[in-house]
Number of protein chains: 2
Amino acid sequence: MDDRKKRILQAIVDEYINTAEPVSSGSIARRYNLDYSSATIRNEMAELERCGYLDKPHTSSGRVPSALGYRLYVNELLKDDDISIEEIKYIQSKLETRVNEIEELTRITTSTLSEITHYTTVAVGPRNNMQKIEEVKFVLLGKRNLMAIILTDSGIIKETIIKFDEDITEEQVNTLTFIFNNKLKGKPLEAIDKPLEEYIFSQMNYSLNVIKPIMQQLKKVISEETEYLLEGANKAFDLPEFKSLEVAKNFINILDTKEIMMDLLNTGFANDINVYIGEETENEKLKDFSIVTFKHKYKDKDLGTIGIIGPKRMDYSKVISVMKYISKKLNGE
Amino acid sequence: MDDRKKRILQAIVDEYINTAEPVSSGSIARRYNLDYSSATIRNEMAELERCGYLDKPHTSSGRVPSALGYRLYVNELLKDDDISIEEIKYIQSKLETRVNEIEELTRITTSTLSEITHYTTVAVGPRNNMQKIEEVKFVLLGKRNLMAIILTDSGIIKETIIKFDEDITEEQVNTLTFIFNNKLKGKPLEAIDKPLEEYIFSQMNYSLNVIKPIMQQLKKVISEETEYLLEGANKAFDLPEFKSLEVAKNFINILDTKEIMMDLLNTGFANDINVYIGEETENEKLKDFSIVTFKHKYKDKDLGTIGIIGPKRMDYSKVISVMKYISKKLNGE
DNA sequence: TTTTAGCACTCTTTACATTCGACTGCTAAG
DNA sequence: CTTAGCAGTCGAATGTAAAGAGTGCTAAAA
């Protein structure tokens, strides 16, 4: 894999990202000044195809990058810093808006990302099992509704409402607050479990009628998937690959069954930015799409993961540049 | 408009709802035992077309109901009680699940509706300006975060978090709670306005640094569009009308720009159930779709509006029957 | 040895012509 | 008033041909 092959591959991928049409040797020779004739490029393309970096839809057509081709492109050939000054200004103005809740920050980041890249963006909150409980609050609403608020160290606030068939007193609320905090402060969310329920029951003289619903609801809340945010789903429909109804249907299906995205977003490895190209994820439905995810942090607090989903020929340079820039901005230059 | 015309129109609409293909005089004569020859039906169809109830895609094709045709069908020809026993059982089992929050009830109703009808369902909460404040609570989270909770008479709970640059004391929280409740109990949400801010400021000796952010955030929350729920968006893609990319794109666009749906759902008139057929709404994008909305109530509390969006040839009988049934169930038989 | 011009070959796309079939509309008979 | 029957219309499907875009290979040039 010599240098010239790489340059040609890069030109092909760039061209394909722009045009969405199979790339011919002629168009490369013409538009990229590589100083080789189309014939030479043709030979190299044949070679690149043999190595698995390019595909050919049919005998007499131009070439299309394979997943392997994109992979090489992403790993080695990416040109960084692919954002314009206007875009930088736009991002800055967006990120400067004062936010009150971290959910709002996630929302802003997600929508900005979608607006700049023109791809569909999704976000999920941080994984529950990474979070530690900082405080538990109970608030009586009316006489029979209790709101439970759990603050975690990543700043996520989970709140839920528990309904009772009997009146709850302020005193009961105070005791509950004391005991829960006593037992849970600093513990992971999973500490809300059966043993805790038994312990609390043994410590308090309230009927199970009070404690059971609380525990049930709390367990439900912490087991619930975290917020799932979707931005710019309709943008995808302007892409040429969506002329195929099959592709469009798959896309809607992926977004509708949150599990697929959740899985992907949550399995991110150590890297801050992960790229999944088409069939690299084993999911059949994703074979026509690529997904780029990044760990969303603010002042080193984990705010979850944000992902961009687009066609395989997505503009990786742009996407990754923007992600890196936002990441940098959020974590103090 | 005699009775026979109506029977024939009904047959045509029924047939078209089933097949999504232009309906020919022959198929009606064959499949519906109206005891007339295809020629007679042909004559009537010509007449119905002249009156504007039917359309013809081209000279030698079968007929398709026009918006006016559907309208007549919905207003006069609908057969009620179009739900099977299995479906009734399914709905019952769904509605029986014990719910803790009304949002959960809305979620269950919305998804049940989508599952039974196989159409896409959306829901919005009740309009803010209809609601009265029942109670306001403030809860200190940490030292500089204040959670504000507003309970309204329709049971909707709005909560928000306000960040401060200085520490807040428990005492301040108590005073705030007292004053806000004093001034707001029983008042509509819009009572949270500038005069209130000034009044509170005049009554308390806290700096504006505390009161301003609270008022700002509260105003923001009450002005915010209420929850928007979407269920079964992907189901639409199995419908034959979605073979047209144009239609699919419009659909995604409608769902993505919540305002359109919001407008429609919120403008519902006195009726409990409203039907909008295709071009009846002036919105160009909606011309290929019909929307049926119903006021979602539980024990006479307003829980907002739920809407079903589907193709113009949606199964109105089924949809309306299911809605009526659910409505009945939620409001005590 | 590497590059390149040139040409034969392949395969898709588009256009056009033709056929086939499903309707309707109308007429005339029942 | 109903209906059988038939001419006429239009769309969908099929076949064929020509055009166009690209490749692969060969042989000459650098």
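Bear in mind that the values here come from a model prediction, so they are computed numbers and not experimental data.
Phosphate proximity of D:dA21 to A:Arg63: absent, as no side-chain N or O sits under 4.0 Å from OP1 or OP2. For the OP1/OP2 pair of C:dG25 and a distance below 4.0 Å, the side-chain nitrogens and oxygens of B:Thr59 include no atom meeting the criterion. Taking side-chain N and O atoms only, A:Arg50 has no distance below 4.0 Å to OP1 or OP2 of D:dG24.
Counting atom types as modelled, B:Ser60 pairs no side-chain N or O with a base atom of C:dC23 as donor and acceptor under 3.5 Å.
The distance from atom NE2 of B:His58 to atom P of C:dA22 is 13 Å, rounded to the nearest whole Å. Atom CG in B:Asp55 sits about 16 Å away from atom C1' in C:dC23, given to the nearest Å. Rounded to whole Å, the distance from CD on A:Glu44 to C1' on D:dC25 is 16 Å. If you take CD of A:Glu15 and C1' of D:dA21, they are 15 Å apart, rounded to a whole angstrom. Look at CD1 on A:Ile8: it is 12 Å from P on D:dT23, rounded to the nearest Å. One interatomic measurement links the two molecules: CD1 of B:Ile28 to P of C:dA22, which rounds to 17 Å at whole-angstrom precision. Following rounding to the nearest Å, B:Glu21 (CD) and D:dG11 (C1') show an atom-to-atom distance of 12 Å. For the pair B:Met45 CE and D:dT2 C1', the interatomic distance rounds to 17 Å; values are reported in whole Å.
Nearer to the 5' terminus of DNA chain D, by closest-nucleotide assignment, is the contact made by B:Pro57 (compared with the other of B:Pro57 and A:Ser61).
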### Query
Given B:Lys235 and B:Thr120, is the side-chain hydrogen bond (donor to acceptor under 3.5 Å, both in side chains) satisfied, shown in steps?
CA-CA 7 Å; B:Lys235 291 203 181 85; B:Thr120 306; over 6 Å; no

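Under the 6.0 Å distance and 45° angle rule, B:Arg4 counts as a cation-pi partner of B:Tyr36.
Of the residues in residues 34-43 of chain B, those placing a heavy atom less than 4.0 Å from an atom of DNA chain D are B:Tyr36, B:Ser37, B:Ala39, B:Thr40, B:Arg42, B:Asn43, in numerical order.
For the residue pair B:Tyr228 and B:Val124, the shortest heavy atom distance occurs at CD1-CG1, 3.9 Å. When all heavy atoms of A:Leu68 and A:Gly52 are compared, the pair lying nearest together is CB-O, 3.5 Å.
Under 3.5 Å, the side chains of B:Tyr316 and B:Ser290 contain a donor-acceptor pair of N or O atoms. Defined by atom type and a distance below 3.5 Å, a donor-acceptor pair is present between the side-chain atoms of B:Tyr73 and B:Asp14.
Atom NZ of B:Lys79 has more than 12 heavy atoms from other residues, nucleotides or ligands within 6.0 Å.
Side chain of B:Lys56, nearest nucleotide from D:dG8, C:dG25, C:dC11: C:dG25.
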